[in-house]
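Working notes for the structure below.
Atoms considered below: every heavy atom in the structure, side chains included; atoms not considered: hydrogens, waters and symmetry mates. Note that the structure is a prediction, hence the values are computed from the model and not measured. Remember, it's 1-based here, ligands and their atoms both numbered in the order they're listed. One is the number of the first residue; the rest follow in order along the sequence.
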Amino acid sequence: AWLKNQASGFKGKDQFEKEVVRHVETTLARSMFNCDETAAYAATSLAFRDRLVIEWNRTQQRQTFADSKRVYYLSLEFLMGRALDNAMLNIGEKEVAKSGLSELGFRVEDIIQQEHDAALGNGGLGRLAACFLDSLASLNFPAWGYGLRYRYGIFKQEIIDGYQVEVPDYWLDFNPWEFPRHDVTVDIQFYGNVNKTTDDSGKVTAHWEGGETVRAVAYDVPIPGYATPSTNNLRLWSSQAASGEFDFQKFNSGDYESSVGDQQRAETISAVLYPNDNLDRGKELRLKQQYFWVAASLYDIVRRFKKSKRPWREFPDQVAIQLNDTHPTLAIVELQRILIDLEGLDWDDAWNIVQQTFSYTNHTVLPEALEKWSVGLVQHLLPRHLQIIYDINLFFLQMVERNFPKDREMLSRVSIIEESQPKMVRMAYLAIVGSHKVNGVAELHSDLIRTTIFKDFVTIFGPDKFVNVTNGITPRRWLHQANPGLSSLIASKAGDPEHYLKDLTLLNKIELSVNDPAFRKAWAEVKLANKQRLADYIKSTTGIVVSPKALFDVQVKRIHEYKRQQMNIFGVIFRYLKLKSMSPEERKKVLPRVSIFGGKAAPGYWMAKQIIHLINSVGSVVNNDPDIGDALKVIFLEDYNVSKAEIIIPASDISEHISTAGTEASGTSNMKFVLNGGLIIGTCDGANIEITREIGEENIFLFGNLAEDVDDLRHKNTYGDHKIDPSLDKVFNVIQSGTFGNAQDFQGMVSAVREHGDFYLVSDDFHSYLETQELVDKSYADQELWITKCITSVARMGFFSSDRCINEYAEEIWNVEPLQPDTNN
Ligand code: 26W
């Protein structure tokens, strides 16, 4: 363990055991005789937490003392998953824990599994934020995450009779990883009205008065870096009634119910994560969440800056704030308000500071996901902010008018206020205008935002404001932790994990061994063991037995029409029909396949729920068809989440990233699958394109129409002659004949393609998809070539480390430097 000589090390398993026993006996007040796995998990976590706290305090002190520029990552979602295994590996003490726990009669894997996932996110955007925190700490950047401490994370998914049922995720009953800071609170104002006063010099000041107040309480979560003592802070805000537990006046006057009601109303703000992914519903409570979180975070950031007694113009030299999508865009307005209303700066000076401080990442081009708030709602909830938004817009449009006097249409196109009925505030436009850099998350995506949704803004601000930072993933969790077998095999060629996990380009060393028979054999054994692990998991959760020798074909991600799980299941049905038409002898010769699905549908997303239902219905027919046997199995894994991803991803042979071209901004699981020695079938979309460039097109199964052709195809499908692909037509006819249950249940999915213009081009891509799946079967039959492709691909995946990604943000957007820890303490 690299930390052996550090204060945070355990100095061997004996001390670790002692601490576990101490926590069981004192903190938990239990005897070692009735210490079950839950208690052992609690005590182990507390022992590790004690270790983290030491370096966490030191890191914060070091950062305060250095007083250098900090990064603040504002994200409404942090999809962290479990913390214990990550803490053990990042501190470098997992072996100590393993042997210590074993002496106490436990297996470390069982203890790790006791932990409840911290699931404060929907999918890609939230998990990206979590990977970024890992990289920021591992690279020693002075950085804080700011988010909301939801009482309920993303719902748990149960599948009952083939349908998704949502169950609340109450995850906080025991959470050793958070530290309540009851002394760090901010009172947040809502509603009320604005009064203006003029002083003797004629200067007008706005005062936001009245309304209601809700208290934000900080909860801090330590974020350990890998193989470094740096431990950063994730600060999550929880909402409370501002005036203590009850309104005592109301209480004493007998109005007990309403005094409790006030408290509950305040707590509602941070109660639940909105489960929509890529869909904006414009709910008032969501806007309240956004302002509550943004105002508390900014107050905290400003308070920290003020301690240094620097002049305001130095704020952007000390502070970089990254907006993770538009969800925190009100921070732009809030900082402007603080500077002009509370600190008395001039508008222009304040606005310069604001623009230099903020930068904005866009994660989607789907129009239904672009946030807009009605002017009326903003006026009601945040009257002063609406005035400032109008002023920002006015000055911006005046600048546009000066620079582009001939293009009057442009003013309404780029206005932050959409002149619709009702009028709407376009949050992406506000974010662009208030930031110095805007980035997309993969090359194609960044090109698309520059040429489509933000085209005018490129004209107005020039091309340099719009940059690309291709997403990445942390190899600590997604290789070392999820796939220890592969990680140590790689280490045998690429050197210590401590080196290659911090410089992932060192993976290229394994390519030298691509023809080494022993290495190849070991590689195949690791994959088989991971598939066996998943097969065991499938057996224990679904009762279905699958052979680890079959080709595992995986699609796990949020269920969305644009991600096209429907195309996948239609393809599975086609395969089933083909198998049915074969003789038993022919069937014996086919390569067995297991189609594995997983993912949640937003609770109100009817079509996504229909897709889940069809997958499960196909599964119950296919899996119970005696003609089929092992040749095809269809599995839907319930409640896909981070900890399940850690089991599923290393077990994949082929995974599906098959979004309609131009719709998936990046995708990040595509990177995780390839890094774990699986190949992918995918469209020319998002980061698939750069993965192809890095690993070589001979190592990926690309198919389908290109983004540049999508508009024309849609037009043709809607207005022209929309001929359905004949194979797909056959599949539809079988669905409609009732083979998979009541045809009515799936009518929506069928008519979306047949009658409603096939917006996601399922039919247009179906032929190419089936052909490419056949190619997958053929390629897999040649195991030698397949393994070569896998090893080569892994060797070339270094680019996709989130460390590379964070270094790009640091250099091109934040202008911050790492703060090296002193290692001789
Ligand atoms: C307002 C509702 C809402 C909620 C979440 C709208 C949009 C979102 C997210 C931006 C959706 C999201 O997670 N986008 C994903 O971001 C990943 C990280 O950059 C990308 O890899 C995915 O392609 C993108 O879909």
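For atom 20 (C) of ligand 1, the candidate residues are G124, S659, G667; the nearest heavy-atom contact is made by G667. When the options L76, N122, N278 are ranked by their closest heavy atom to atom 6 (C) of ligand 1, first place goes to N278.
Side-chain contact, N483 with N676: a donor N or O sits under 3.5 Å from an acceptor N or O. Inspection of the Y150 and Q289 side chains reveals no N or O donor paired with an N or O acceptor under 3.5 Å. A donor atom on one side chain and an acceptor atom on the other are not found under 3.5 Å apart for S270 and W237. Side-chain N/O atoms of T361 and N439 include a donor and acceptor closer than 3.5 Å. With hydrogens and angles left out, the side-chain atoms of N278 and N122 include no donor and acceptor closer than 3.5 Å.
Atom 19 (O) of ligand 1 has its closest protein heavy atom at H363 ND1, 2.6 Å. At the top of the distance list for atom 10 (C) of ligand 1, counting protein heavy atoms only, stands D325 OD1, 3.3 Å. Among protein heavy atoms, the minimum distance from atom 23 (O) of ligand 1 is reached at E664 OE1, 2.6 Å. Counting protein heavy atoms only, atom 4 (C) of ligand 1 is closest to N276 O, 3.5 Å. Among all non-hydrogen protein atoms, the one lying nearest atom 12 (C) of ligand 1 is L125 CB, 3.8 Å. Nearest protein neighbour of atom 2 (C) of ligand 1, counting heavy atoms only, is L279 O, 3.0 Å.
For G123, no nitrogen or oxygen atom sits less than 3.5 Å from a nitrogen or oxygen atom of ligand 1, counting backbone and side chain alike. In terms of N/O distances under 3.5 Å, ligand 1 is approached by S666. Some N or O of N471 is nearer than 3.5 Å to an N or O of ligand 1, by distance alone.
The closest approach between a heavy atom of R127 and any atom of ligand 1 is not below 4.0 Å.
Which parts of ligand 1 touch A665 is read off a 4.0 Å heavy-atom cut-off, strictly below it: atoms 23 (O). Near Y562, meaning under 4.0 Å from any of its heavy atoms, are these atoms of ligand 1: 25 (O). Near V441, the atoms of ligand 1 lying under 4.0 angstrom from a non-hydrogen atom of the residue are 19 (O).
Using a cut-off of 4.0 Å between Lys/Arg side-chain N and Asp/Glu carboxylate O, R693 and E443 are scored as salt-bridged. A salt bridge is defined here as a Lys NZ or Arg NE, NH1 or NH2 lying under 4.0 Å from an Asp or Glu carboxylate O, and K156 with D117 fails to meet this definition.
K283 forms no cation-pi arrangement with Y274, by the criterion of a distance under 6.0 Å to the ring centre and an angle within 45° of the ring axis.
Only side-chain heavy atoms of H327 come within less than 4.0 Å of ligand 1; its backbone N, CA, C and O stay farther off.
Residue pairs meeting the salt bridge (charged side-chain N to carboxylate O under 4.0 Å, His left out) criterion with at least one member in residues 661-670, sequence neighbours excluded, are K563-E664.
Results of the side-chain hydrogen bond (donor to acceptor under 3.5 Å, both in side chains) test with S359 over E812, H436, Q322, K437 single out Q322 as the only residue that passes.
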